> 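Below are the structure tokens for one structure; questions will follow.
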Amino acid sequence: MTTRSVRALSGALKPLFSPRSPQGYVVAVCHQTHKSTYTAPPARYGGRHTVTLIPGDGIGPELAKHVCELFRFCCVPVDFEVVNVDSTETSEDDINNAIMAIRRNGVALKGNIETNHNLPPSYKSRNSLLRTTLDLYASVMHCQSLPGVRTQHRNIDIITIRENTEGEYSSLEHENVPGVVESLKIITRTKSLRIADYAFRTAREKGRRRVTAVHKANIMKLGDGLFLECCKEVASGYPEITFDSMIVDNTTMQLVSRPQQFDVMVMPNLYGNVVSNVCAGLVGGPGLVPGANYGENYAVFETGTRNTGKSIANRNTANPTAMLLASCLLLDHLKLHGYASMIRKAILSTITDSRVRSHRCYMQYVGGIQLLLLRPALYFDITLNMSSPLCSSCTLLIWEVRAPHLKWSSPSWMQSRALDLAHRGTRNQMTVRLYL
Amino acid sequence: MFYMKAETLISVKTVTMIPGDGIGPEISAAVMKIFEAAKAPITWEERNVTAIKGPGGRWMIPPDAKESMDRSKIGLKGPLKTPIAAGHPSMNLLLRKTFDLYANVRPCVSIEGYKTPYTDVNLVTIRENTEGEYSGIEHMIVDGVVQSIKLITENASRRIAEYAFEYARNNKRTSVTAVHKANIMRMSDGLFLRKCREVAENYKDIKFTEMYLDTVCLNMVQDPTQFDVLVMPNLYGDILSDLCAGLIGGLGVTPSGNIGANGVAIFESVHGTAPDIAGMDLANPTALLLSAVMMLHHMGLHDHADKIQTACFDTIRDKKVLTKDLGGSAKCSEFTAEICRRVQDLD
């Protein structure tokens with residue numbers, strides 16, 4: 001870039017990235033167990049937060065790289081402390097290091113760590129270990145229909161709140177007699193009350209009208225019966241919010257026929273897994289929905305459906321939206337709302353305006369977000385290298401880039417050129433220079 | 001020269017019919033009428049299965065019902081109601097225990113003419129029906145802590161896996177997918193998975209894959225056409241089979257069959273008894289009819305099965321005579337008569 005454009009760039013960036021007035025780094029007094037507002041860990045060392053980053057397996061490392069790139073580009077005051085967890089190791093040192101790092105920093109961004117289920121049962125799932133040790137009791141996923149994404153159902157807006165530490169995921173199994181295995185599902189009153197309270201508090205904070213508890217109390221009368229009872233007890237303290245319950249198989253049936261009827265859903269661990277994955281599928285798939293795990297003292301952010309994506313790893317085809325939106329949730333948690341909303345807006349405009357088909361061209365997608373963030377200089381050179389021949393949707397992305405904050409969009413001659421190139425269709429590389 | 005008619009060579013089979021409660025009697029009558037119109041070689045033996053207390057204080061089904069089922073081996077059941085505080089376990093559970101119905105099979109095929117957001121669904125869910133999370137073993141260890149036991153045994157897992165592969169082979173299906181959560185429930189689902197893998201060795205012509213429950217749910221709502229036969233333990237089966245029923249239009253159009261040991265098979269409609277429309281001739285017999293078609297396939301009477309199924313689907317596709325839940329305004333008897341007419345035309 002020329003010096004003129006660099007100056008123009010810094011000039012443009014200033015109003016966007018105005019330094020926040022230094023917040024009082026007062027650690028708010030912790031009340032009792034049920035804090036209604038969580039205090040973000042104070043930023044140290046010049047106003048910069050340190051966040052633990054666990055890349056994980058499969059597509060995790062590539063997505064982590066995108067987040068780092070985007071944060072660096074936007075000058076977000078967050079430093080990542082990368083902790084690698086090797087899923088092939090049977091010793092628990094790696095995961096203990098990660099847990100210690102999260103205890104130190106208070107927040108983390110993580111990819112999914114694979115569990116090789118051919119190893120002996122003494123090898124516990126690393127993800128599960130992390131959640132239970134740090135007592136991240138609530139897993140929250142907000143599934144919303146996105147405007148640019150075509151799905152079978154529209155206007156979905158469901159928040160799923162899932163108990164994250166007990167239930168079927170207690171990992172308590174034994175084989176009393178050879179050939180007969182018993183697995184214990186534990187439901188406790190304290191944890192059920194805690195998650196129900198979290199659900200109702202969240203519903204109240206976000207102005208939601210209805211909370212639905214999902215259970216199977218007709219069969220598991222004691223276990224899910226206790227869960228339901230706790231939910232009803234908590235519901236009586238929130239009279240403005242309607243509470244109802246639904247059996248899990250009926251819930252899945254209703255979700256695929258009429259998902260618009262649901263608002264906030266609260267459930268034990270396994271049903272939460274099923275329902276949140278169904279909701280994620282309904283709004284467009286695992287690449288679009290971020291997830292958050294909240295505890296009393298820590299918060300860990302990840303993709304909502306927790307997939308390692310082994311089959312698409314290292315092929316430049318993973319959709320980074322879920323991880324990028326999770327990083328926005330992270331920024332919101334650290335009270336860096338300005339950066340969070342800016343990045344979120346850029347991501348959503350990229351999805352809406354550019355009609356990205358990410359399984360072919362995610363690389364250009366991330367470039368698209370950066371373009372939207374920057375005030376354009378004299379020109380941009382964008383080189384596309386693709387492993388597959390140029391496809392029409394990729395071309396559309398480049399030519400139809402818009403900068404909404406500048407009210408600029410590519411002129412029509414560029415768009416017709418796009419169709420022309422698309423029909424030729426065999427080149428794998430193209431350099432585009434956009435003059436502005 | 002003796003001239004024998006072809007019909008006399010086909011032996012007439014007996015089927016135990018359990019009409020059930022609520023709309024059960026109406027839809028059972030509808031199905032019997034359609035079978036008569038199709039000239040299917042079935043004679044029906046109607047039986048009631050209200051629970052009675054047998055010797056020793058154990059609840060059981062009436063002995064004449066049991067005797068009829070043991071003789072005929074095939075049953076067709078309407079919806080049964082479970083009174084809340086009756087003191088006896090649910091009727092479905094009682095039937096399951098009496099006849100050791102270990103496999104629940106639900107083929108989910110999109111019905112042309114009954115539009116849902118999902119098209120071209122064609123999969124079968126096979127669910128282990130006797131153990132797993134529904135063993136009913138629960139204890140309150142201390143006040144406020146409850147423990148439910150999920151039981152997985154080698155024999156039951158092997159039996160269901162074998163049934164799944166046999167079903168796939170007999171119905172010309174290409175792949176079987178085992179659904180599990182072995183990353184979390186290492187030993188229990190791990191055992192289930194190991195048995196499935198072992199059985200898969202003997203069925204090399206059928207592709208065997210394994211997939212996590214959450215991945216299946218995720219992919220099912222995005223693209224259900226990628227699945228063929230799914231085999232799984234009890235709870236996952238319950239959730240997934242209802243999910244698939246939702247994809248094709250709900251429990252009102254989904255058939256279901258329960259396969260037991262000793263060659264017993266009971267086919268049923270899985271919807272409720274709908275007491276609010278009972279006796280008003282408004283019920284939709286499609287679910288029970290499609291289950292009966294499944295029964296005919298199971299018995300080997302494929303021609304009759306195809307005839308009745310085609311007549312039923314044609315009626316729904318035409319949209320002229322449909323019951324209220326399918327979007328029309330016809331009565332149950334009119335719907336039935338229309339199907340009977342088409343069946344006779346197809347002859």
Side-chain angles (χ1 to χ4, degrees), chain A residues 114-117 119-125 128 151-153 168-169 171 173-175 178-190 216 219-226 248-250 252-257 270-271 273-282 284-286 305-307, chain B residues 82 90 116-118 133-141 143-155 157 180-193 212-223 234-236 238-247 249-251:
Chain A
E114 194 189 331
T115 308
N116 183 354
H117 52 262
L119 289 172
S122 52
Y123 175 89
K124 300 218 184 319
S125 156
S128 197
T151 51
Q152 284 96 343
H153 302 273
E168 297 82 349
Y169 288 39
S171 299
E173 295 178 300
H174 47 261
E175 193 168 358
V180 176
V181 175
E182 283 185 349
S183 170
L184 302 181
K185 161 179 165 167
I186 311 286
I187 302 274
T188 54
R189 194 178 173 73
T190 28
K216 191 91 190 151
I219 305 285
M220 285 183 252
K221 300 188 169 71
L222 282 185
D224 287 350
L226 177 61
V248 60
D249 39 6
N250 190 17
T252 47
M253 207 163 12
Q254 296 293 325
L255 274 170
V256 292
S257 34
L270 183 68
Y271 313 146
N273 191 0
V274 171
V275 169
S276 53
N277 275 276
V278 171
C279 294
L282 290 173
T305 48
R306 303 174 179 169
N307 305 104
Chain B
T82 303
S90 92
T116 57
Y118 302 91
E133 297 82 348
Y134 293 6
S135 320
I137 313 170
E138 291 184 299
H139 330 280
M140 185 162 283
I141 308 176
D143 192 27
V145 178
V146 173
Q147 158 190 305
S148 294
I149 296 188
K150 161 180 166 164
L151 202 63
I152 299 277
T153 56
E154 209 176 292
N155 291 333
S157 307
H180 64 97
K181 264 220 87 67
N183 53 343
I184 302 291
M185 284 176 259
R186 312 294 306 283
M187 284 174 81
S188 34
D189 283 353
L191 174 61
F192 178 79
L193 209 54
Y212 289 135
L213 172 66
D214 41 4
T215 314
V216 171
C217 288
L218 194 56
N219 294 335
M220 184 74 80
V221 293
Q222 295 182 271
D223 181 24
N234 215 333
L235 177 67
Y236 314 151
D238 193 5
I239 300 176
L240 270 181
S241 56
D242 277 2
L243 180 68
C244 300
L247 295 177
L251 296 178

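Because the structure is predicted, anything quoted here is derived from the model rather than measured. Lettering follows sequence order; numbering is per chain, from 1.
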> Looking only at non-hydrogen atoms, find the nearest pair between B:Glu138 and A:Lys221 and report the distance.
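Looking at all heavy atoms of both residues, the closest pair is OE1-N, 3.2 Å.
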> Name all residues meeting the ring pair (Phe, Tyr, Trp, His ring centres under 6.0 Å) criterion together with A:His153; count only those two or more places apart in sequence or in a different chain, and write none if there are none.
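Here the qualifying residues are B:Tyr118.
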> Carefully, step by step, assess A:Lys185 and B:Lys150 under the rule side chain to side chain contact (heavy atoms under 4.5 Å, CB included).
CA-CA 7 Å; A:Lys185 161 179 165 167; B:Lys150 161 180 166 164; over 6 Å; no
> Heavy atoms only, distances under 4.5 angstrom: which of A:Ala280, A:Pro121, A:Ser183 has the most pairs with chain B? Name it, please.
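Ranked by heavy-atom pairs under 4.5 Å with chain B, first place is A:Ser183.
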> Could you work out, with ring pair (Phe, Tyr, Trp, His ring centres under 6.0 Å) as the rule, every residue matching B:Tyr134, not counting sequence neighbours?
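For B:Tyr134 there are no ring pair (Phe, Tyr, Trp, His ring centres under 6.0 Å) partners, ignoring immediate neighbours.
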> Need one label for B:Ile239: side chain, backbone, both or neither, based on atoms under 4.5 Å from any heavy atom in chain A.
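For B:Ile239, the contact with chain A is made by backbone and side chain together.
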> For chain B, which candidate among A:Leu119, A:Asp224, A:Val275 shows the most heavy-atom pairs at distances under 4.5 Å?
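Most heavy-atom pairs within the cutoff with chain B belong to A:Leu119.
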> Between B:Leu193 and chain A, with a heavy-atom cut-off of 4.5 Å, which part of the residue counts as in contact: side chain, backbone, both or neither?
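When you check distances to chain A, only side chain atoms of B:Leu193 fall under 4.5 Å.
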> With a 4.5 angstrom heavy-atom cut-off, could you sort out which part of A:Glu175 is near chain B: side chain, backbone, both or neither?
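Contact with chain B: backbone and side chain both.
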> Within 45° of the six-membered ring axis of B:Tyr236 and under 6.0 Å from that ring's centre, is NZ or CZ of B:Lys181 located there?
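The answer is no, since B:Lys181 fails at least one limit relative to B:Tyr236.
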> Tell me which of these, B:Asp242, B:Thr215, B:Leu151, has more heavy-atom pairs under 4.5 Å with chain A than the rest.
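Between B:Asp242, B:Thr215, B:Leu151, the count favours B:Asp242.
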> Test your reading of the model: is there a side-chain donor-acceptor pair from A:Ser257 to the backbone of A:Met253, 3.5 Å cut-off?
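Such a contact is found between A:Ser257 side chain and A:Met253 backbone.
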> B:Gln147, B:Glu154, B:Met187, B:Met220: which one forms the most heavy-atom pairs within less than 4.5 Å of chain A?
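Greatest number of close heavy-atom pairs with chain A: B:Met187.
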> Less than 3.5 Å apart, any donor N or O on the side chain of A:Asn307 or A:Thr305 sitting next to an acceptor on the other?
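A:Asn307 vs A:Thr305: donor-acceptor pair found between side chains.
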> For chain A, which candidate among B:Val145, B:Asp214, B:Asp143 shows the most heavy-atom pairs at distances under 4.5 Å?
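Between B:Val145, B:Asp214, B:Asp143, the count favours B:Asp214.
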> B:Leu191 versus chain A, heavy atoms under 4.5 Å apart: side chain, backbone, both or neither?
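For B:Leu191, side-chain heavy atoms alone lie under 4.5 Å from chain A.
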> Between chain A and each of B:Met140, B:Met185, B:Glu133, count heavy-atom pairs under 4.5 Å; write down the option with the most.
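Highest number of heavy-atom pairs under 4.5 Å: B:Met185.
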> What's the shortest heavy-atom distance between A:Ile187 and A:Leu226, and which atoms?
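It is O-CD2, 3.7 Å.
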> For residues A:Tyr123 and A:Asn116, is any side-chain donor paired with an opposing acceptor at under 3.5 Å?
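On atom types as modelled, these side chains do not qualify, holding no pair under 3.5 Å.
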> Shorter than 4.5 Å, heavy atoms on both sides: which option in A:Leu282, A:Thr252, A:Ile186 has the most such pairs with chain B?
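Result: the option with the highest number of such pairs is A:Thr252.
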> With only heavy atoms counted, which part of A:Glu114 is less than 4.5 Å from chain B, the side chain, the backbone, both or neither?
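A:Glu114 has no heavy atom closer than 4.5 Å to chain B.
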> Taking B:Ile141's backbone N and O only, do any of them form a donor-acceptor pair with B:His139's side chain (distance below 3.5 Å, no angle check)?
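Such a contact is absent between B:His139 side chain and B:Ile141 backbone.
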> Side chain, backbone, both or neither: which part of B:Phe192 has an atom under 4.5 Å from a heavy atom of chain A?
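Looking at B:Phe192, nothing touches chain A.
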> So, A:Asn277 versus A:Asn273: side-chain donor-acceptor pair below 3.5 Å or not?
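Side chains of A:Asn277 and A:Asn273: pair found under 3.5 Å.
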> Taking every non-hydrogen pair under 4.5 Å, which of A:Gly223, A:Ser128, A:Ser125 racks up the most with chain B?
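It is A:Gly223.
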> Which of the residues B:Gly249, B:Cys217, B:Ser148 is involved in the greatest number of heavy-atom pairs with chain A at under 4.5 angstrom?
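Looking at each option in turn, the highest pair count goes to B:Ser148.
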> Any idea which heavy atoms bring B:Gln222 and A:Gly284 closest together, and the distance?
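What the structure gives for the nearest pair is NE2-O, 3.3 Å.
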> With a 4.5 angstrom heavy-atom cut-off, is it the side chain or the backbone of A:Leu222 that approaches chain B, or both, or neither?
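The answer is both parts of A:Leu222.
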> Please name the pair of heavy atoms, one in B:Leu218 and one in A:Gly281, separated by the smallest distance, quoted to 0.1 Å.
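What the structure gives for the nearest pair is CD1-N, 3.5 Å.
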> Out of A:Leu270, A:Val278, A:Val181, return the one with the most heavy atom pairs under 4.5 angstrom to chain B.
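The answer is A:Val181.
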> Chain A heavy atoms under 4.5 Å from B:Ser188: which part of the residue, side chain, backbone, both or neither?
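Both backbone and side chain.
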> With a 4.5 angstrom heavy-atom cut-off, is it the side chain or the backbone of B:Leu235 that approaches chain A, or both, or neither?
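For B:Leu235, the side chain is the part near chain A, not the backbone.
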> Pick from A:Lys124, A:Glu182, A:His174: which one has the most heavy-atom pairs with chain B under 4.5 Å?
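Of the options given, most contacts go to A:Glu182.
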> So which part of A:Leu255 gets closer than 4.5 Å to some heavy atom of chain B, the side chain, the backbone, both or neither?
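Contact with chain B involves no heavy atom of A:Leu255 at all.
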